[in-house]
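Since the structure comes first, as structure tokens, the remarks are kept for the end.
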Amino acid sequence: MKILLLEDEEADYQIIYRALKRANCPLTIIWTEKLSKAAQYLETQSFDVILTDLNLPDSSGIATVKKLREINQEIALIVLTGLEDEESQMASLSAGAQDYIDKGNITTNSLLKTIRFAVQRQEHLQEKEALYQEVLASRERLAEQKQLLKKKNRRLRRLYQTAHRFVDNVSHEFRTPLTVIKDYVSLVQEGAVGEINQEQNRMLSIVGVRADDLNNMVDDMLDISKLESGLIGVWRQGYRLQEIIESVCHPLMKRAELKGIQFVIEIPTSLPAVFCDAEKVGRTIINLVTNAMKFCGSPGLVRLWVKPDLVNGEAQIGISDNGPGIDPIEQQELFKRFKQLSNRFSSRAKGFGLGLNIVRELVELNLGDLTLESSLGAGTTFMFTLPINRPEIVLQNYLQYLEQIPSKSQQVAMITASLDEQITKPLANETDAFFNCLLRKHDLMLRLSQHRWLFLLHLPCVEIQHFVDRAQKELKKVNRNRPFGLLPEFDLNLEGCWQAKEAQKEILTRFNHVMQKPSCGYKTTNSNEVFAVEDAQSNEYSQ
């Protein structure tokens, strides 16, 4: 160990020197009487520790410690004092010394122990300072990276919005030429501009089918854009499933005839009504049947079948083909966006790989499940379900649907709406349409009777008043622009608000109570009214 000793009294120096020399360890001691000379040593040599008196010929008091610390911050510093002045000792530590020792009580052991601890404390202090500087540097780097990330996020957001606008604009621009192509093909096929032979008719049919393919791709692009932006609307009501299937099957049968595929539709004569968005069910059927026709065998066979499952309160719609089947590994990847089957099918299936991903989203929006059954060499069946049009079944499906939504807030509010019983049926139907336009895709509306509705809103309870205010604002806006009479005022009543995952039993109990007993609430014309649950009994269901 190399020690720099600053002491202007030779007697004190000799005491310290002898105490150090009695130590059973190699030491090098450099002695100087002045601070200026010590500064020269510190500039040219390295030391492990500095022992210094406070009062030197060219420096005195705490200033000695401060000056030494200005010269060097890295070496352990011990103050030698002949005064039992606690204030000076504390001031020395505050100025940068690691320790102090009384000259009158110096022993070899005490001096070595003080030096050893001082060196260790200085090492720890340096490590702490180095760590602190590293933390500061890391913070600076993180701040720079955060700013860079914000900049990149802003750019990505702009690019994302630009891409959405591009997709929407291109998709809409495709509509006009596609419509013209299909109309002119139909005119020519019908002989409006002269007779055509069988081969010409076949070629025109191909043009029509390919125009339908392009139209489906446009629909896929628009659906994806709306789903990602959260702007897709859902209009769920009770429908006859036969009517939905009949509305989409004509172009599918035409496609099958052109490709030489046997397309079989198997629908029971009597089916319960289903609760769904009919347009989205039609899109689901079109995508699944089109997909089955791409991959069916030769000769091709595609079956569209429907089975009621009254036990589970649902209707099952299946599309089966006699194709080569799908490998189990590929089945797990099939519903991912832009994912298509392996190259052995690529020559037969052109597209963006969006269809099945959209199908899954649309089925979930219709409160159903989508399943796939397939094995190599045995064909493939896609099946999706729709809830039967019974409010209690629809509610249970809706609560299950909420569990699958990745959302921080899983609160759901139940609100009932009612009209005056004297309101005519056409006006009540228009009010129903108005209510549908208020909902977001994760909300649910059930029409309990001609003049009565139930809303389940997927929103935090603190936002219920916002929904009411919006309903009032939209009602005024609609009525301001209606040429033939106003939409009627309606009563709203808050039935309760719950955490959907934790209170399904309470929600169902309250729902049964609502079904049995109509409630009276507050008119939307006074949105400042505080919502109240119908009666004291219902407070047990609200939070």
Side-chain angles (χ1 to χ4, degrees), residues 1-6 16 20 23 25-30 32 35-56 58-81 85-102 109-161 406-410 460 462:
M1 184 176 292
K2 193 171 182 179
I3 301 172
L4 177 61
L5 175 59
L6 282 77
I16 295 169
L20 290 172
C25 58
L27 296 171
T28 300
I29 303 171
I30 303 296
T32 180
L35 181 63
S36 56
K37 187 65 175 177
Q40 294 177 9
Y41 284 130
L42 289 170
E43 289 178 359
T44 58
Q45 300 182 44
S46 60
F47 295 88
D48 296 297
V49 66
I50 301 172
L51 302 177
T52 182
D53 192 1
L54 288 177
N55 297 312
L56 301 172
D58 53 354
S59 181
S60 63
I62 302 302
T64 303
V65 178
K66 292 181 178 179
K67 289 176 182 178
L68 283 170
R69 273 294 169 237
E70 289 175 3
I71 297 170
N72 191 295
Q73 294 278 345
E74 300 177 357
I75 301 175
L77 177 60
I78 299 173
V79 171
L80 302 170
T81 176
D85 183 356
E86 185 175 349
E87 184 176 346
S88 297
Q89 294 168 351
M90 291 298 102
S92 300
L93 296 178
S94 299
Q98 268 67 53
D99 209 339
Y100 57 87
I101 189 167
D102 184 0
N109 287 337
S110 65
L111 186 56
L112 287 179
K113 183 183 292 186
T114 301
I115 290 174
R116 187 181 306 114
F117 288 164
V119 171
Q120 288 177 353
R121 279 194 289 272
Q122 179 63 19
E123 288 176 352
H124 293 159
L125 185 63
Q126 286 181 257
E127 291 174 0
K128 183 179 178 181
E129 179 64 22
L131 184 60
Y132 177 69
Q133 293 300 327
E134 185 177 342
V135 169
L136 286 180
S138 298
R139 284 182 177 177
E140 290 178 2
R141 289 195 299 271
L142 284 173
E144 291 174 0
Q145 292 172 357
K146 185 178 180 180
Q147 291 300 321
L148 182 61
L149 186 60
K150 285 183 177 179
K151 185 177 179 181
K152 289 183 176 180
N153 281 339
R154 286 194 296 269
R155 182 171 180 272
L156 284 173
R157 196 175 296 113
R158 288 195 301 270
L159 291 173
Y160 182 74
Q161 292 170 350
S407 173
K408 292 181 180 179
S409 173
Q410 289 295 347
V462 294

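Atoms OG1 and CG, on T114 and N109 in that order, are 10.5 Å from each other to the nearest 0.5 Å. R154 contributes atom CZ, which lies 8.0 Å from atom NZ of K151 (distance to the nearest 0.5 angstrom). Between I78 atom CD1 and Y100 atom OH the span is 12.5 Å, to the nearest 0.5 Å. Atoms CG and CD1, from L42 and I30 in turn, are 11.0 Å apart once rounded to the nearest 0.5 Å. Going from atom CG of L142 over to atom CG of L148 covers 12.5 Å, rounded to the nearest 0.5 Å.
Taking a 6.0 Å sphere around NZ of K113, one finds it holds 12 or fewer heavy atoms contributed by other residues, nucleotides or ligands. Counting heavy-atom neighbours within 6.0 Å of E134 CD, excluding the residue itself, gives a total of 12 or less.
Closest approach of I115 to M1, counting heavy atoms only: CG2-SD, 3.4 Å. The two residues L80 and D53 have their closest heavy-atom pair at O-OD1, 3.1 Å. The heavy-atom pair separating V79 from S92 by the smallest distance is CG2-CB, 3.8 Å. Q126 and E74 make their closest contact through OE1-O, 3.0 Å (heavy atoms, listed as atom of the first residue, atom of the second, distance). Considering every non-hydrogen atom in both I62 and A91, the closest pair reads CD1-CB, 3.6 Å. Between A95 and K66, the closest heavy-atom pair is CB-CG, 4.0 Å.
A donor-acceptor contact shorter than 3.5 Å links the side chain of D48 to the backbone of K2. Distance alone, capped at 3.5 Å, is enough to place a donor-acceptor pair between the Q122 side chain and the Q73 backbone.
The shortest distance between side-chain heavy atoms of Q98 and L125 falls below 4.5 Å.
Take R121 and apply the salt bridge (charged side-chain N to carboxylate O under 4.0 Å, His left out) test, not counting sequence neighbours, and it matches D99.
Figure legend: K37 and Y41 shown as a cation-pi pair, the cationic atom lying under 6.0 angstrom from the six-membered ring centre and within 45 degrees of its axis.
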